[in-house]
Amino acid sequence: MSEMFEIVAATPVAENLTRFEIRAPRIARKQQPGQFVIVRVHDHGERIPLTIAGSNPEAGTITLVVQGIGKTTRLMNSLEAGQFLLDVVGPLGQPSEIRQYGTVVVVGGGVGTAIAWPTARALRDAGNHVITILGARSKSLVILEDELRAASSDLFVTTDDGSYGRQGLVTDVLKDLLAGDKPVDFVLAIGPIPMMRGVAEVTRPYGVPTTVSLNSIMVDGTGMCGGCRVLVGGEARFACVDGPEFDAHTVDFAVLAQRNAMYRAAERDALDRFTQHPEQDRQRVEHTCQLARRHPELTESS
Amino acid sequence: MTNPLKPKDRVKIPRQEMPTQPAEQRRSDFDEVNLGLTTVQAHSEASRCLECSHPECVHGCPVGVKVREFVELVHQGDFLAAAAKIREDNVLPAVTGRVCPQEDQCEGHCILGKRFEPLGIGYLERFVADYERSQGTLALPPKAPPTGKRVAIIGSGPAGLSAAGDLVMRGHEVTVFEALHEPGGVLIYGIPEFRLPKAIVRQEIDNLRQLGICFETNVVIGKTITIDELLGEEGYHAVFVATGAGLPKFLGVAGEHLAGVYSANEFLTRVNLMRASDFPDYDEPVYDCRDRTVAVVGGGNTAMDAVRTALRLGARRALLVYRRTQEEMPARKEEVEHALQEGVEFVTLTTPLEFLGDEQGRLTAARCQRMELGEPDESGRRSPVAIAGSEFELPLDLVIIALGTGANPLVQSTTPDLETDRRGYIRANDDTLQTSKPGVFAGGDIVTGSATVILAMGAGRKAAAAIHEYLAAQA
Ligand SMILES: Cc1cc2nc3c(=O)[nH]c(=O)nc-3n(C[C@H](O)[C@H](O)[C@H](O)COP(=O)(O)OP(=O)(O)OC[C@H]3O[C@@H](n4cnc5c(N)ncnc54)[C@H](O)[C@@H]3O)c2cc1C
Ligand SMILES: Cc1cc2nc3c(=O)[nH]c(=O)nc-3n(C[C@H](O)[C@H](O)[C@H](O)COP(=O)(O)OP(=O)(O)OC[C@H]3O[C@@H](n4cnc5c(N)ncnc54)[C@H](O)[C@@H]3O)c2cc1C
Ligand code: SF4
Ligand code: SF4
Ligand code: FES
């Protein structure tokens, strides 16, 4: 029997988005911006990668922000404080490269905002002038605005429908910044694939170094299976150990999108079943929780 | 010697055949193929042994299982004593009886094999281990008193498990760290259920737990904790690195990024560890093989496991693409035979040059080339040479690359004073498995490159002995 991971807090932050504090002391001590964990909710569950949005080594907790898009993330977002996750492993992946670039633009789209948050803070702490652009479909989906404002000198919001901030795409704001008189030295873009591809195309002619975080499908997260491979500069790289951050100008986004579409039918099937019959998964979660409560020694590793 | 038969009569007894599930049935389920010898069969097989005074079989076994002695006990009907005899040298007999390449090892050296069929040593080992399991008793010697020393083992494959078993018996406190959520290494994530039921592996691991070994899953050494931290603030006195050879090799040809190209590691992990064959009851999906054409590239055990798994997932055609001939395939002979019986099609003397896809990035075909056998290479096998102008297209829905594995660099890259060779494998002393770093030992596939279960277990034992000495010298 192995350890289980307590959900200390679960707070909805926007439509379909929940912020979790999870007790995982070893990971909390080690985490660096840009790294992720792999989570398996219950004993029939799949392994999904989630970025560590922050950690509190004193309290022994890590922060995860989860967007409910398919079965596992929706199941996760239905969990509450006091419940347990069966498996959490990490911190995985290479930490973000934090340097003093000068002026940095951080672009966050959707849940990518949460992924970019710890790196934005670290960039600011390293003495960069951080400008943040947050993009969402509409106002209710804008997340972590206050948190990112605190980490930035300037912050812009764009929404597709114009319900908040400027109507349009993050790339519209980015283009203005690049065309402006203040030079931009580095861009970090994390979000949906079309957004990251768009940012890469916008910065390419300016030659501004641009980094993206790739969300390929993963299984083990240790370089053992090769399922997460992406094409970067014409070469296969493993996102879980070589990444997840790569030079945006050399990433083949089409291949990433194609590989991520591989299980679409099965994913839809799983989500439908879960929506119609969530009881079975709830029971499996409850089983983990009972086990954890009966064996408190398995939940408090120091 | 209790066998009343004369040697000339013993050699006349035919080798017992392993009862199996019928091929038509087993190709569509994941139940174990081999059913195991009956008691009558085991007795009859054991009576074939010539009880040699210099048993060659023992030299053929990498850990020196006392074959003659345990076979004699089988013949006497004392199966538990036979199990105890095997356990003196081998802590996972239910596993090795099933997966050892016996034809190259114990049985390959058996004197009977010179003129007749060799003794079915693997069958008997499996029989004895299964009997022991069915009795629920474990023939274990008593544990030594606590030494107060703590040993960390990295990786829970056969090398890690056997080292853990030996060290705990010698009174040390042992923790096994495993990156995945379940211990067992390749025995859990690689070798399929139909060859090695997971219940057997789990039971062996439970036995080790009962001996007091602590398993910490979900810990990636090098990420969650480093080796220096294990030896420092985590308070361990020695470390054994047994991380296996978990880095998939690809062909390096165009089109390997297409959706529909898997490494064998990924395909088998999805099905074995994550139980994708039971989707949607289990959440992890795997490519839907039903009515598709699936090709596996390779000729080893991993390739056989992958191609037979694809068949069981409903593939219409399951092809094995190999660049030499069936003769040269490194897989166990039994697996090759079983694969053919189940309807796997061998496409030999063929190698893929490139994978082709549609505009959605999905695999549609492999462009292949025919080969012929040339001069023997350094491994003694005749090396394949391309035949000019023999290129052809093989239409495919899924391809699984099973070309072996390399050294996973996670631990090495975070332990700078751990010396590795050119290919990234950890350097360790042949006799003691001591690495360049004091207190750190290494063994199994991470030192030798992909080998066998029994060799990894042998390395685990050797390391345990050396670690025991090292700890004694520290006191
Ligand atoms: C390094 C990394 C960090 C991530 N960080 C976060 C995060 O902080 N918050 C967050 O909400 N999401 C994050 N993701 C994405 C998250 O892992 C997926 O949304 C999740 O796996 C989807 O699972 P599902 O069952 O809910 O949806 P599914 O129905 O399985 O999938 C829906 C879509 O998600 C993608 N997906 C499916 N399985 C995986 C997988 N195992 N790995 C990656 N993508 C997958 C596919 O493109 C699919 O089309 C991250 C992904 C990666 C690779
Ligand atoms: C599909 C397949 C079929 C095979 N069939 C046979 C067969 O029939 N007969 C035979 O004799 N051999 C067979 N082999 C080979 C045999 O399985 C291996 O030689 C053997 O398992 C090696 O044992 P090991 O203990 O060195 O490593 P592994 O079994 O590879 O175990 C290593 C373990 O370490 C863990 N790990 C790795 N890195 C870390 C880390 N940083 N932190 C924590 N944990 C870590 C891994 O997750 C894994 O669980 C087969 C191999 C495969 C892949
Ligand atoms: S461990 Fe393997 S090689 Fe040794 S006797 Fe048993 S089956 Fe033969
Ligand atoms: S070599 Fe063969 S016949 Fe001789 S003792 Fe070993 S198993 Fe028996
Ligand atoms: S997830 Fe398996 S190698 Fe990256």
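The sequence lines fix the lettering, A, B, ..., with proteins before strands; numbering per chain opens at 1.
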Salt-bridge contact A/R29-B/E233 (side-chain N to carboxylate O under 4.0 Å): no
Donor + acceptor pair across side chains of A/H44, B/R275 (<3.5 Å): no
Region of B/L247 that comes under 4.5 Å of a non-hydrogen atom in chain A: both
Contacting moiety of B/T224, where chain A heavy atoms sit under 4.5 Å: both
B/R362 portion near chain A, given a 4.5 angstrom heavy-atom threshold: neither
Test side-chain hydrogen bond (donor to acceptor under 3.5 Å, both in side chains) applied to A/R197 - qualifying residues, sequence neighbours left out: none
Contacting moiety of A/R284, where chain B heavy atoms sit under 4.5 Å: side chain
Under 4.5 Å from a heavy atom of chain A, the part of B/V286 involved: backbone
From A/R47 atom CZ to B/H181 atom NE2, the distance as rounded to the nearest 0.5 Å: 6.0 Å
CG-CG distance between B/D283 and A/D281, expressed to the nearest 0.5 angstrom: 6.0 Å
Chi angles and distances behind the side-chain contact (heavy atoms from CB on, under 4.5 Å) call for A/E46, B/Y282: CA-CA 8 Å; A/E46 59 181 343; B/Y282 283 75; over 6 Å; no
Shortest non-hydrogen contact from A/A270 toward B/F279: CB-CZ, 4.1 Å
Contact origin within A/L256 toward chain B - heavy atom pairs under 4.5 Å: neither
Closest-packed option against chain B by number of heavy-atom pairs under 4.5 Å, given A/G223, A/A257, A/A254, A/A265: A/G223
B/F267, part contacting chain A, at a heavy-atom distance under 4.5 Å: neither
Proximity breakdown for B/I225 and chain A, heavy-atom pairs closer than 4.5 Å: both
Residue among A/E267, A/Q280, A/M262 with most heavy-atom pairs under 4.5 Å to chain B: A/M262
With A/D43 via side-chain hydrogen bond (donor to acceptor under 3.5 Å, both in side chains) - residues at least two apart: none
Segment of A/V88 engaging chain B (4.5 angstrom heavy-atom cut-off): backbone
Under 4.5 Å from a heavy atom of chain A, the part of B/E229 involved: side chain
B/P280, part contacting chain A, at a heavy-atom distance under 4.5 Å: side chain
Atom group of B/D281 that falls short of 4.5 Å from chain A, counting heavy atoms: both
Pairwise distance OG1(A/T222) to CG(B/N408) - rounded to 0.5 angstrom: 5.5 Å
Under the salt bridge (charged side-chain N to carboxylate O under 4.0 Å, His left out) test, residues paired with A/E21 that sit two or more places apart: A/R19
Best-contacting candidate, B/D206, B/V261, B/I205, against chain A by heavy atom pairs under 4.5 angstrom: B/V261
Interface moiety of B/T243 toward chain A, non-hydrogen atoms closer than 4.5 Å: neither
pair B/L258-A/R259: side-chain heavy atoms closer than 4.5 Å: no
Selection from A/A261, A/A266, A/G221 maximising heavy-atom pairs under 4.5 Å formed with chain B: A/A266
Least distance between heavy atoms, A/G226 atom then B/P248 atom: N-CG, 3.9 Å
Heavy-atom side-chain proximity of A/D220 to B/T269 below 4.5 angstrom: no
For chain B, which residues of residues 228-242 of chain A have heavy atoms nearer than 4.5 angstrom: A/R229, A/L231, A/F238
Smallest separation among heavy atoms of A/C225 and B/E266, with atom names: O-CB, 3.5 Å
Beyond-backbone contact of A/V89 with B/V219, side-chain heavy atoms, under 4.5 angstrom: no
Salt-bridge present (B/E284, A/R40; N to O < 4.0 Å): no
